[in-house]
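Below: one structure, written as structure tokens.
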Amino acid sequence: MSSQPSPSDPRPTPPEPSSSEDNEELSESPYTIPNALTLARIIACPFLGYQIVQGDYVLATSLLFACGVSDWLDGYLARRWGGKSVLGSILDPAADKTLMTTLVITLAWAGLLPVPLAALILGRDAALTISAFNFRYISLPPPRTVGRFFNPSIPSAEVKPTQISKINTALQLVLMGVTTVSPLITYPIGVPLEYLQWVVAGTTIWSGLSYVAGAGVRILPRKGKKL
């Protein structure tokens, strides 16, 4: 005779959801129009630098203007049509730094920018690059392989510019723009240009220290985990 379970018997406990969902990582497509415009800006940098070294400041100024327009356009499209991405948050400042590095090196080479200021700007950018690699490594979910480290579809940390960094970038771009067109200007601008160089030196140090300290960097939570 089969025994019937008594009403007091505990009901079987349903299986708990698999914890693998907690370990599922974020994924997104890096193929967006804003990212393509940003990449085009990076590709244009060597051509811009070549024109400065060759002394063709008219064409160099035109290329610099085109880079500025593309920078505004990719930001507008990202905000207007929802093309924002974690890759874009990293690629856009990388494009700005590629442009800045190109201008700093070539303008210093042409004798239009003081070498100590050029060394300060490049040193700050090198420190930020090392810091970015460190944040990427500590935020990447395991396994931490080279392929996954450089895979843009696996975002793990988001970089947002700080207020001082925005000010510094704007001032640096103004300085590089004015310095690039200075050979085309007929009246002397040496004194105001020197003042601007000192201001840029100060904001460069300030913004560099803020990024190294972790300001503007957010480690992304894994899918299924709360902030």
Side-chain angles (χ1 to χ4, degrees), residues 30-81 83-115 117-126 128-129 132 152 159-185 189 192-193 196-197 199-201 203-204 207-208 211 216:
Y31 305 109
T32 65
I33 294 178
N35 287 349
L37 288 172
T38 304
L39 186 60
R41 193 160 73 251
I42 294 175
I43 295 174
C45 287
F47 299 98
L48 170 61
Y50 177 78
Q51 299 308 320
I52 293 176
V53 170
Q54 293 299 311
D56 191 345
Y57 296 105
V58 174
L59 184 52
T61 301
S62 301
L63 287 173
L64 183 58
F65 177 78
C67 288
V69 171
S70 73
D71 189 18
W72 172 85
L73 185 59
D74 71 55
Y76 171 79
L77 292 176
R79 293 188 300 269
R80 180 67 178 82
W81 302 106
K84 292 183 179 181
S85 65
V86 174
L87 176 62
S89 74
I90 299 174
L91 196 61
D92 188 64
D96 291 339
K97 290 311 159 191
T98 302
L99 175 62
M100 188 62 56
T101 300
T102 300
L103 290 170
V104 168
I105 293 175
T106 54
L107 289 173
W109 180 275
L112 298 175
L113 189 71
V115 173
L117 178 58
L120 176 62
I121 294 174
L122 295 178
R124 177 243 188 203
D125 290 344
L128 293 189
T129 300
V159 179
K160 291 186 177 180
T162 61
Q163 189 62 36
I164 182 59
S165 177
K166 292 178 181 178
I167 295 173
N168 178 64
T169 299
L171 289 175
Q172 283 187 356
L173 288 174
V174 169
L175 175 61
M176 298 307 154
V178 173
T179 304
T180 302
V181 302
S182 60
L184 306 177
I185 299 176
I189 59 171
L193 195 57
L196 182 57
Q197 291 168 356
V199 172
V200 168
T203 57
T204 297
S207 63
Y211 269 128

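Residues take their numbers from the sequence shown, with the count starting at 1.
- Looking at heavy atoms from C-beta onward, Met176 lies in side-chain contact with Leu113 at the 4.5 angstrom threshold.
- Atom-to-atom distance recorded for Tyr50:OH and Leu63:CG is 13.0 Å, nearest 0.5 angstrom.
- Rounding to the nearest 0.5 Å places CG of Leu37 at 11.5 Å from CD1 of Ile42.
- Heavy-atom minimum distance, Leu120 versus Ala201: CD2-O, 3.6 Å.
- Residues Leu64 and Gly177 come closest through the heavy atom pair CD2-CA, 3.7 Å.
- Side-chain atoms of Val104 and Asp125, non-hydrogen and from C-beta on, never get closer than 4.5 Å to each other.
- Looking at Arg41 and Asp96, their side chains come closer than 4.5 Å, going by heavy atoms from C-beta outward.
- In plain terms, the two heavy atoms of Thr102 and Cys45 that are nearest each other are CG2-O, 3.2 Å.
- In this structure, Cys67 and Asp71 have side chains that are not in contact, with every pair of non-hydrogen atoms separated by 4.5 Å or more.
- Between Leu48 atom CG and Ile43 atom CD1 the span is 14.0 Å, to the nearest 0.5 Å.
- When each of Val199, Ile121, Thr203 is tested with Asn168 by the rule side-chain contact (heavy atoms from CB on, under 4.5 Å), just one qualifies, namely Thr203.
- Taking OG1 of Thr169 as the start and NZ of Lys166 as the end, the distance is 10.0 Å to the nearest 0.5 Å.
- When all heavy atoms of Leu175 and Thr179 are compared, the closest pair comes out as O-OG1, 2.6 Å.
- To the nearest 0.5 Å, atom CG of residue Leu196 and atom CG of residue Leu171 are 6.5 Å apart.
- With hydrogens and angles left out, the side-chain atoms of Ser207 and Arg124 include a donor and acceptor closer than 3.5 Å.
- Side-chain atoms of Leu173 and Leu99, non-hydrogen and from C-beta on, do get closer than 4.5 Å to each other.
- Nearest heavy atoms, Thr180 versus Tyr57: O-CD2, 3.5 Å.
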